[in-house]
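Presented below is the structure to which this report refers.
The chains referred to below are lettered A, B, ... by the order of the sequence lines, with proteins before strands, and numbering in each begins at 1.
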Amino acid sequence: MKRWSHYFVPTLKESPADAEIASHKLLVRAGLVRKLSGGLYTFMPLGLRVMQKLSAICREELEREQPSHGRAGAIELWMPHIHPVELWEQGPRWAAAREIMFRTDHAGAGKGRAKEPEFVLGPTHEEIITPLVKQEITSYRDLPKNFYQIATKFRNEIRPRYGLMRAREFVMMDAYSFDADDAGAVKSYLAMKASYEAFFKRIGVKAIAVEADTGVMGGSYSHEFMVPAEIGDDDVIYSDSGYAANREKASSSLVPKDLADAAPAGAVEKFATPGVVTIAQLAAAPYAISGDTQFKTLVYMGDGKPFLVILRGSDELEEAKLGSLGFTLFRAATAEEIEPVLGAKPGSLGAVKGTIKNPAALAGVFADHAIRLIGNGVTGANEDGFHLKNVNVTRDLAITQFGDFRRVRTGEPCPVSGLPLQSKRGIEVGHIFKLGTKYADKFGAVYTDDQKQSHPMVMGCYGIGVSRTLQAIIEQSHDADGIIWPWAVAPFQVLICLLDPKLPEAMEMAEKLAAAAEAAGADVLLDDRDERPGVKFKDADLIGIPLRIVIGGKGLKDGIIELKPRASKDVQKIAVADAPAKLAELVRANAQGVTA
RNA sequence: CGGGGUGUAGCUUAGUCUGGUAGAGCGCCUGGUUUGGGACCAGGAGGUCGUAGGUUCGAAUCCUAUCGCCCCGACCA
C-alpha cells in the first residue's frame, strides 16, 4: 500500500498549453509524465507503474508456450543502445535509416573529430541481434529462437507529436525470431501474432491486426496492430468481411480479373493544349476529357535513375507501394531531372512509345492495373502544350510491369469479399514483420542442417510501442473527468479515499481494507492527504483507479463505507463488517476477468 | 525540411495592434474559519516578459537575428 501523502502524484487542475488531444492532456494532468523537451518525457511514479505493468504482461504473453505452434515462447535479453556505426553501414537499410538516427560525436571523449560518427543510438536492433545470432548459433539444433527486449529506443523523429504518441525516446518491446526455413518463420510469425492478440486483450485495449506495408524494414509481409482513434496517424481500410489493411497497403478489386485488353480505337492523334498542365484543366472545357480517361505519368528517381509511374488521371499515387519495386531509395523527380529524359515539363508528360526523348535513361515504366480500365485514352505528348488521344494501353504504352500503385478509395470493392471498403483512423501500437533472409544474408547468419548444408536463417521482427500503448489506452478509455484505467494496467487497482484521515477508527478501517485488497492481489493507494473531500474526489476521477472506496466520518457512524467503480456511476454502500470480504471478492473477480 | 502559430511567476493567462517601466486566477507560504465533488477571509513570497542585438528620453510592446515549443504536411512503435 502506498500512502498518497508520502507518495508523489502531482495532479493539475488545468491542461498544459502544449497539449492538444485528450490523452496527452490527461497524461500530464494526472501526473503520469512531465516533458523535458519535445518528444522527451520523464515517467513520473504513477506513469512508471503503468509502464511496469504493461511490460510485465507483455513478458508473460511473449514467454508463454505456444503449444499450437509447437515451440517455446520468446526469450528476454538486453542489448546496448549505443551501436557501432559499422554494423549499420553493413546492414541493408543504412541509407534509409540514417536520417532518423541520433549520432554521437566525440565531445568529451578526448579524441579529435572524426569524419563519420563512430556510434549511433539504436532506433531498433536488427543490426545488433543478427550478428549476435550469427556468432552464437550455427546448428539447426539451436533453431528456432526468438529473442526480445523491452527497452528504450531513440529516433530523431522529424516531428514528435502528441506527448508519448510519437516521441524521440520511447519504450519499445522488440523481438527477433530466427528459423531454419520459411515454414518455421511463418509459424514464428503466427505465434507472435497470437501473443500480440493475447497481450492487447489482457491490457484491455481494442487493437485490430491489419495488413501493412513493410516499409524500410523490408520483408515479405507484415501486420500492424491498430487502436481505432480519431487522432491516429494511420488510415485503416476495412470491409465488413473482416478485411483490414493500412491505407498504404490496401488494395481493391476495382479492375475485374477477366478484363480483356481494349482494342485500339484509332490512330494516335496529337492535339494542341496550350497552357494545360493539370488533369483538372484537361477535364474542363473546352477539352472535357474526364480524369478517368486520362493517363497520368509521374517521374520518380529510384537509386539515382528515373522511372515512370502511370496511373489513371483520377487516381492518386500511393507512394509507399513503390517500395515493391525494389529500390533502396526513391523520391519524386524534379522538373530539372525530368525534362532531359522525357523532353517536356511536368504537365505534358506521357509514356507513349517513340515520344520519350531518352528512353534508355529510364529504370522502367510501371503502370497501375487500373489504367486497363481506360483502354484508350489521353496522355501528354512529351512536348510542351500538346497531348495525344486514342492512346491504347497495350499498343502504345512502353510498360515494363503492371502493379498496384494507386491509393484506394472508400466505396471501392474489397479485394476479399467485394463489399464496399470503409476507412477509419488508427494508432499503430504494434507491428510484426516476416523478414525473410534479408538481414541474415547481409550479416552471414547461417546454420548447418542435418545434411551438413549451410542455409541462411529466416527471420522475423516484432515491435510493440509500450509507451505509445500507454497513451493509446488513455485515448481509448477516458471521460470528461479523467482516465478510466483497465484493471490490468492501472497503476493501482484500488484507491481508498480517507475523508477524515485524522479519525483513528477511519484510518484503522482503511488499513484493514487495504490489507484485504492486497491479499486478494490488488495494488492499493490510500489517499490520506489533509485535503477537502472535493479535491480527493476530483483527483480520484482524474487518475482513474478502477475501484474507489470512500471512508467518511459520517458513513462510519452509520456503519457503512462506499464502493464505486471508476467506470460506473453506481455507488454501493457496504456495511463495515462485510467490507473487507466484499472488497477481496471484488478484487478477485476483476483480476480473473483479465487473466482468464 | 516546407507552411502556420506561439513564448509573460511552478501552471493557465491579460497586457503587444496604439511604447510610459507588469496584472489576474490556480498553486505555494503564514494565520483564522471551514470540511461529502477542485472552500472562504486576511496577510505574504515569487517575473532580467525565451535569448542576443538594434530603434527610442523610455521597449513585454517596434525592428533584426537566433533558440524553444505547438499545429498541418512527408516518416514511424
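Nucleic acid contact for Val429(A): sugar-phosphate only, since backbone atoms but no base atoms lie under 4.0 Å from a heavy atom of the residue. Within the nucleic acid shown, Asp233(A) comes within 4.0 Å of at least one base atom, counting heavy atoms only. In this structure, Arg29(A) reaches the bases: a heavy-atom distance under 4.0 Å links it to at least one base atom across the strands shown. Within 4.0 Å (heavy atoms only), Arg159(A) reaches at least one base atom of the nucleic acid. Looking at heavy-atom distances under 4.0 Å, Ala167(A) makes contact with a base.
A donor-acceptor pair under 3.5 Å is absent between the side-chain atoms of Lys35(A) and the main chain of Gly163(A), judged by distance alone.
Helical stems in RNA chain B, defined as runs of 3 or more consecutive Watson-Crick or G-U wobble pairs with donor-acceptor distances under 3.5 Å: B:1-7 with B:67-73, B:10-13 with B:23-26, B:28-33 with B:39-44, B:50-54 with B:62-66.
Checking C75(B), A77(B), G38(B) against every side-chain atom of Leu542(A), the shortest atom distance belongs to G38(B). When the nucleotides G37(B), C70(B), G38(B) are ranked by their closest atom to the side chain of Thr11(A), G38(B) comes out on top. Residue Arg168(A) has its side chain nearest to C69(B) when only C69(B), C72(B), A77(B) are considered. With C69(B), C75(B), G38(B) as the choices, the nucleotide that has an atom nearest any side-chain atom of Lys35(A) turns out to be C69(B). Closest to the side chain of Val535(A), from the set C69(B), A39(B), C76(B), is A39(B). Among the nucleotides C71(B), A77(B), C1(B), the one closest to any side-chain atom of Ile158(A) is C1(B). Among the nucleotides G73(B), G37(B), U12(B), the one closest to the side chain of Pro16(A) is U12(B). For Glu428(A), whose side chain is taken as the heavy atoms from C-beta onward, the closest listed nucleotide among G38(B), C71(B), A77(B) is A77(B).
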In B/S/- notation (B base, S sugar-phosphate only, - none; protein heavy atoms under 4.0 Å), nucleotides 25-36 of chain B written 5' to 3' is BSS------BBB
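Here Tyr300(A) and Phe366(A) keep their ring centres 6.0 angstrom or further from each other.
Here, C70(B) and U8(B) have their P atoms 14 Å apart, quoted to the whole Å. Rounded to the nearest Å, the gap between the C1' atom of G7(B) and that of G15(B) is 15 Å. Distance noted for atom C1' between G23(B) and G47(B): 12 Å (whole Å). With both ends at atom C1', the span from G58(B) to A22(B) equals 15 Å, rounded to whole Å.
Ring orientation note: the planes of Phe330(A) and Phe307(A) are nearly perpendicular, at an angle over 60° on the 30°/60° scale. Between Tyr189(A) and Tyr462(A), the ring planes are tilted. Angles from 30° to 60° get that label. By the 30° and 60° cut-offs, the orientation of the rings of Phe433(A) relative to His431(A) is parallel. The aromatic rings of Trp94(A) and Trp88(A) are tilted relative to each other, their planes meeting at an angle between 30° and 60°.
Heavy-atom minimum distance, Val227(A) versus Gln476(A): CG1-NE2, 3.1 Å. The minimum heavy-atom distance between Lys434(A) and Val186(A), with the atom names listed, is CE-CG2, 3.6 Å.
Both Ala17(A) and Glu20(A) lie near RNA chain B, and the one whose nearest nucleotide falls closer to the 5' end is Ala17(A).
Atom-to-atom, CD1 of Ile464(A) to P of A77(B) comes out at 13 Å; the value is rounded to the nearest Å.
Under the salt bridge (charged side-chain N to carboxylate O under 4.0 Å, His left out) test applied with Asp235(A), the options Lys249(A), Arg407(A), Arg247(A) reduce to a single match, Arg247(A). Screening Arg93(A), Lys442(A), Arg98(A) for a salt bridge (charged side-chain N to carboxylate O under 4.0 Å, His left out) involving Glu127(A) leaves a single residue, Arg93(A).
Gln471(A) and Ser23(A) share a donor-acceptor pair across their side chains, judged by distance under 3.5 Å alone.
The side chain of Ser37(A) contributes an N or O atom lying less than 4.0 Å from OP1 or OP2 of C69(B). Side-chain nitrogen and oxygen atoms of Tyr162(A) include at least one within less than 4.0 Å of the OP1 or OP2 phosphate oxygen of C72(B).
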